[in-house]
J.: 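Pasting in a structure now, in structure tokens, and then I'll have a few things to ask.
In what follows, chains carry the letters A, B, and so on, assigned in the order in which the sequence lines appear, proteins first and then strands, with residues in each chain numbered from 1.
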Amino acid sequence: MTKRKVLLLDGNSLAYRAFFALPLLTNDQGVHTNAVYGFAMMLQKILEEEKPTHMLVAWDAGKTTFRHETFKEYKGGRQKTPPELSEQFPYLRKMLDAYQIRQYELESYEADDIIGTLSREAGKDGAETVVISGDKDLTQLASGDVTVFITRKGITDIERYTPEHVMEKYGLSPEQIIDMKGLMGDSSDNIPGVPGVGEKTAIKLLKQFGTVEGVYEGLDQVSGKKLKEKLEENEELAKMSKQLATINTASPVEVKIDDLSYGGPDKDEIVKIFQELNFKTLLEKVDAPVAATEPLEDFECPVVSAAPVSLLTDGVAIHLELAGEQYHTAEILGLALSDGEETVFIPAGDVKADERLCSWLSDESNAKWCTDSKAALAALTRLGVEAEGIGFDLLLAAYIANPSVSLTDTASIAREFGWTGIPTDESVYGKGARKAIPDETAVAAHAGRKAFAVSKLRAVAEDKLKANEQDGLYRELELPLASILGKMEAIGVKADRDTLLGIGEDLSGKLEAIEREIHEIAGETFNINSTKQLGSVLFEKLGLPAVKKTKTGYSTAADVLEKLEGRHEIIRHILDYRQLGKLNSTYIEGLLKEIHPDGKIHTYYQQALTQTGRLSSTNPNLQNIPVRIEEGRKIRKAFVPSEPGWMMFAADYSQIELRVLAHMSGDERLIEAFREGADIHTRTASDVFHVAPDEVTSDMRRAAKAVNFGIVYGISDYGLSQSLNISRKEAGEFIDRYLASFPGVKAYMDNGVAEARKTGYVTTMLNRRRYLPDITSSNFNLRSFAERTAMNTPIQGTAADIIKKAMIMMDDRLEKENLQARMLLQVHDELIFECPEEEIAVLEKVVPEVMESALELNVPLKVESASGPTWYDTK
DNA sequence: TTTGTCACG
DNA sequence: ACGTACGTGACAAAC
């Protein structure tokens, strides 16, 4: 039988939360609806995620409770409930009736007490309980069987308090939350506490003494004379406050858990009330099918040494379980297989020996489904199996469906498609110092659940992608790209240790000299890398003016220091020290640590991370190797071909983002400029300043270049003024003149923002999506950010689409032309290869040809290439 | 772990 | 009046 899952909701608290979190919405009758709407959104999400078997919404009843007998000012001084909220309670009740959720209130008790009592009863029955409230006080109810969900910021954003989470957050057990309230009080409930004791002191005391009573028994040992006096004077107050804060878990509640069974909403009634309140999005949601989560309580995943033949067929989920994220080196634990009925786990050591399994894995005609195919293929390669025929990748599907969710493990990915039946990696392996691999049965069960979920979710995910017309993006772009990136990671790029060491020695020498110089000028030795110490030397000892502050002290960032450069010689040295220090620690020492025994660096490309569709590179990041300053650029001399007689070859798109902008906006002037092959910054300057192209000065060109950048980023006058070091007014004038010169661009930006406001998302040319919920926010900052993002993401994202497509075509082309050349790296708008010297001539023709034809725009794409013995020389 | 800083496109 | 250019990752210091 399925384990029971009881959801207990704190009605009043959630209604208040929803009311204050959302703007004042009304229906066409003028009735305020924001609290009902927020409540419904939250309810919908919780129902999907938690799949409860039993539910109850508890309400506060009446004005006075048993707590008022102890303290008549309890909850005194509270603001009256706003009438805009009061009028919503009848609708809330009606809506909950339509959901067929039991509601309950009890004279002279609060909702907390009802919930506390029922949660204990449910625990006795062996049920799993979730308590949901906007009030942190309820975290005292957390226990082995009870998780407390507290809404954060908005209304659907939830923080989950298990006893472990309470401990993490406060360093206290859930029961001690009551003691904490007793000591510190609670102004919202008018609970006094001990005057002068806040959260910090309360926690400190409780860590030492355990409880309020313990504090008074050990009063002699309390450190601090003042504190001791305060505690002594207010003993009664503290004890009464604790009593007030304690949730009564033995209230005379008349309903039993069995009375709460939840069988889903009355759809017709729900539709009626949503229509009455004009809840459009919610109406769509109630009709939408939800992925079924099958109970995984009785889940079985035997550990076997060979795969059953029944599972070696077309359309089976595989999952490689690894003891860490870095799949090039992490221990491989084993392989789980699941067809949604039967699930097994094969320990890593037995995989290679199972010949039938291996030939199934390398048989392209048998589709394998998985999460993170790139990692799975890499792990299988390490086990000696070259797998083929990946038919589905849950990670990529989830990322395409919505890039904004953090897809850290299969549990979080599956949750995106409504599946909550698998535990997180963290809950199985632990985290930080307590991280460990559990016994094989537990690993098998965990890996098995993941494979099982993939098997069940494939159809749901693919349907969703098809519904949003993203199937092509997923199947033809991201899925094949995953294998190509995997290949690039596995090949790696050779790094010459001696070159790095040589540059490192040079840097260390210079750093020492500069450090001595700085200390001498300052008249003291201090840690230049410490912003705190540096700030006190510059702005206190030397008396330089502090232009900008951070929330922890003075800002010493480069742009701030540059403004002070004329005022003191020490500044130049500090800027130099910073620059060289960065090179040494990140690029010399950092990269040396990443060279594998094969002499190569194997980065990891994150394919499901960025909000725009770009890749990112980690461990190490090979997308930010210095280039702008010569001293740093020399690092690139260490990146060399891996075979004797080979060369490095690099090709980059010229102005890809502005070309994309020209295409997407259809602006005639911009299109014309690119078709004529003009220098785009000079042409922009000529248009903006109304001078002939040959009269454009270098300053004008520089300003135009900054404006072009600004346009791509979603321009703001402030941003431009910072980058050009001019006044905000002047920057604003530049922008106006630009937009007047390129009216198509202005129209495109305005339309993009309007469209995003209407649909809630923006798209790229290949239909990549980014949702921008903040675009309708009443918070200026959030809204402005979303608006700039709405302008930037289609451009940056389309550029990412283009190079990804080029990579797929390139991989194909290298094979077709029988070239030995290997694609090694991608740096957003450039591709880096290594190849035999005699292939350079071919690459010089083929690579630009492929990259330029990746996607047809109404302006040409232009690619520049270069080759040389090291990456440094490809310029 | 979070913050400030700085490397890249 | 708001406080920002867009997208990333790594390191050192300080908590």
J.: Has A:Lys637 got its NZ or CZ under 6.0 Å from the middle of the six-membered ring of A:Tyr872, at an angle within 45 degrees of the ring axis?
T.: yes
J.: Under 4.0 Å, heavy atoms only, any strand: does A:Ala731 hit a base, just the sugar-phosphate, or nothing?
T.: nothing
J.: NA contact type, A:Ser716, heavy-atom cut-off 4.0 Å: base, sugar-phosphate, or nothing?
T.: base
J.: Between C:dA5 and A:Arg788, is there an OP1 or OP2 to side-chain N/O distance shorter than 4.0 Å?
T.: no
J.: Between protein and nucleic acid, restricted to nucleotides 10-12 of chain C and to nitrogen or oxygen atoms under 3.5 Å apart, what atom pairs and distances do you find?
T.:
from, atom 1, to, atom 2, distance (Å)
C:dA10, OP1, A:Asn619, N, 2.8

J.: For A:Arg567, I'd like to know if atom CZ has over 12 heavy atoms of other residues, nucleotides or ligands within 6.0 Å.
T.: no
J.: CE of A:Met791 versus P of C:dT4: gap in Å, rounded?
T.: 17 Å
J.: Base, sugar-phosphate alone, or nothing: which one does A:Glu657 contact when heavy atoms must sit under 4.0 Å apart?
T.: nothing
J.: Please state how far atom CD1 in A:Ile635 lies from atom P in B:dC8, giving the value in whole angstrom units.
T.: 10 Å
J.: For A:Tyr718 and C:dT4, do the ring centres fall under 5.5 Å apart while the planes stay under 30° apart?
T.: yes
J.: Evaluate the ring planes of A:Phe639 and A:Trp871, with Trp represented by its six-membered ring, and classify them as parallel (under 30°), tilted (30 to 60°) or perpendicular (over 60°).
T.: perpendicular
J.: Using a heavy-atom cut-off of 4.0 Å across all strands, would you classify A:Val712 as base, sugar-phosphate, or nothing?
T.: nothing
J.: Got a sec, which pairs hit salt bridge (Lys or Arg N to Asp or Glu O under 4.0 Å) with one end in residues 712-735 of chain A, sequence neighbours left out?
T.: A:Asp717-A:Arg728, A:Lys729-A:Glu733
J.: Hey, which of A:Thr499, A:Val627, A:Ile625, A:Thr586 is the one that makes side chain to side chain contact (heavy atoms under 4.5 Å, CB included) with A:Ile635?
T.: A:Ile625
J.: I want to verify a distance call: between B:dT3, B:dA7, C:dG3, whose nearest atom is closest to the A:Gln579 side chain?
T.: B:dA7
J.: Would you say A:Arg628 places a side-chain N or O within less than 4.0 Å of OP1 or OP2 belonging to B:dA7?
T.: no
J.: When the distance from CD1 of A:Ile711 to C1' of C:dC6 is rounded to whole Å, what number comes out?
T.: 13 Å
J.: What is the distance, rounded to the nearest whole Å, between atom CG of A:Asn779 and atom C1' of C:dA1?
T.: 12 Å
J.: Could you measure between the two P atoms, the one in B:dG4 and the one in C:dG3, and give it in whole Å?
T.: 16 Å
J.: Quickly work out the A:Gln606 CD to B:dG9 C1' distance and round it to whole Å.
T.: 17 Å
J.: For C:dG9, take OP1 and OP2 only and decide whether either is under 4.0 Å from a side-chain N or O of A:Ser616.
T.: yes
J.: Go through it in stages, so that I can follow the logic: the residues are A:Val863 and A:Asp652, the test is side-chain contact (heavy atoms from CB on, under 4.5 Å), and I'd like the CA-CA distance, side-chain angles, deciding distance and then a yes or no.
T.: CA-CA 5 Å; A:Val863 170; A:Asp652 70 290; over 6 Å; no
J.: Respond yes when some side-chain nitrogen or oxygen of A:Arg614 is under 4.0 Å from OP1 or OP2 of C:dC6, and no when none is.
T.: no
J.: Using a distance-only criterion (donor-acceptor N/O pair, under 3.5 Å, no hydrogens), is the base of B:dC8 paired with the side chain of A:Gln623?
T.: no
J.: To the nearest 0.5 angstrom, please state how far the CG atom of A:Leu477 sits from the NZ atom of A:Lys805.
T.: 8.5 Å
J.: Measuring from the side chain of A:Val627 (C-beta onward, heavy atoms only), which nucleotide among B:dC8, C:dC6, B:dG4 has the closest atom?
T.: B:dC8
J.: Rounded to whole Å, please give me the gap between NZ in A:Lys634 and P in B:dA7.
T.: 16 Å
J.: With heavy atoms under 4.0 Å as the rule, sort A:Ala558 into base, sugar-phosphate or nothing.
T.: sugar-phosphate
J.: Take atom OH of A:Tyr713 and atom P of B:dC8, then tell me their distance rounded to the nearest Å.
T.: 13 Å
J.: With a 4.0 Å cutoff (strictly under), does any side-chain N or O of A:Ser555 reach OP1 or OP2 of B:dT5?
T.: yes
J.: For the side chain to side chain contact (heavy atoms under 4.5 Å, CB included) test, which of A:Thr556, A:Leu511, A:Ile518 pairs with A:Ile528?
T.: A:Ile518
J.: With heavy-atom distances below 4.5 Å as the criterion, would you say the side chains of A:Tyr738 and A:Asn708 are in contact?
T.: yes
J.: Describe the nucleic acid contact of A:Leu720 in one word from base, sugar-phosphate, nothing, applying a heavy-atom distance below 4.0 Å.
T.: base
J.: Between P on C:dG9 and CG on A:Leu825, what's the gap in Å once rounded to a whole number?
T.: 16 Å
J.: For DNA chain B, just give me the dot-bracket, please: Watson-Crick or G-U, both distances below 3.5 Å, ( ) intra-strand, [ ] crossing earlier pairs, | paired with another strand, . unpaired.
T.: |||||||||
J.: May I ask you to evaluate whether A:Thr556 reaches the phosphate of B:dT5, defined as a side-chain N or O under 4.0 Å from OP1 or OP2?
T.: yes
J.: Hey, are A:Thr603 and A:Glu489 close enough side-chain-wise for a donor-acceptor pair under 3.5 Å?
T.: no
J.: Can you tell me if A:Arg770 touches the phosphate of C:dG7, counting only side-chain N or O atoms and a distance under 4.0 Å to OP1 or OP2?
T.: yes
J.: C:dA13, C:dG9, C:dT8: which one has an atom nearest the side-chain heavy atoms of A:Thr610?
T.: C:dT8
J.: Can you identify which nucleotide, out of C:dG7, B:dC6, C:dA14, has its nearest atom closest to the A:Gln611 side chain?
T.: C:dG7
J.: Describe the nucleic acid contact of A:Leu609 in one word from base, sugar-phosphate, nothing, applying a heavy-atom distance below 4.0 Å.
T.: sugar-phosphate
J.: Taking 4.0 Å as the cut-off, does a side-chain nitrogen or oxygen of A:Thr552 come that near to OP1 or OP2 on C:dA14?
T.: no
J.: Roughly how far apart, to the nearest Å, are C:dT4 and B:dT3 at atom P?
T.: 14 Å
J.: If you define the side chain from C-beta out and look only at heavy atoms, does anything of A:Leu855 sit under 4.5 Å from A:Asp801?
T.: no
J.: When you measure from the side chain of A:Lys532, which nucleotide among C:dC6, C:dA5, C:dC15 comes out closest?
T.: C:dC15
J.: If we check side chain to side chain contact (heavy atoms under 4.5 Å, CB included) with A:Glu755, which of these qualifies: A:Thr759, A:Val753, A:Asn751?
T.: A:Thr759
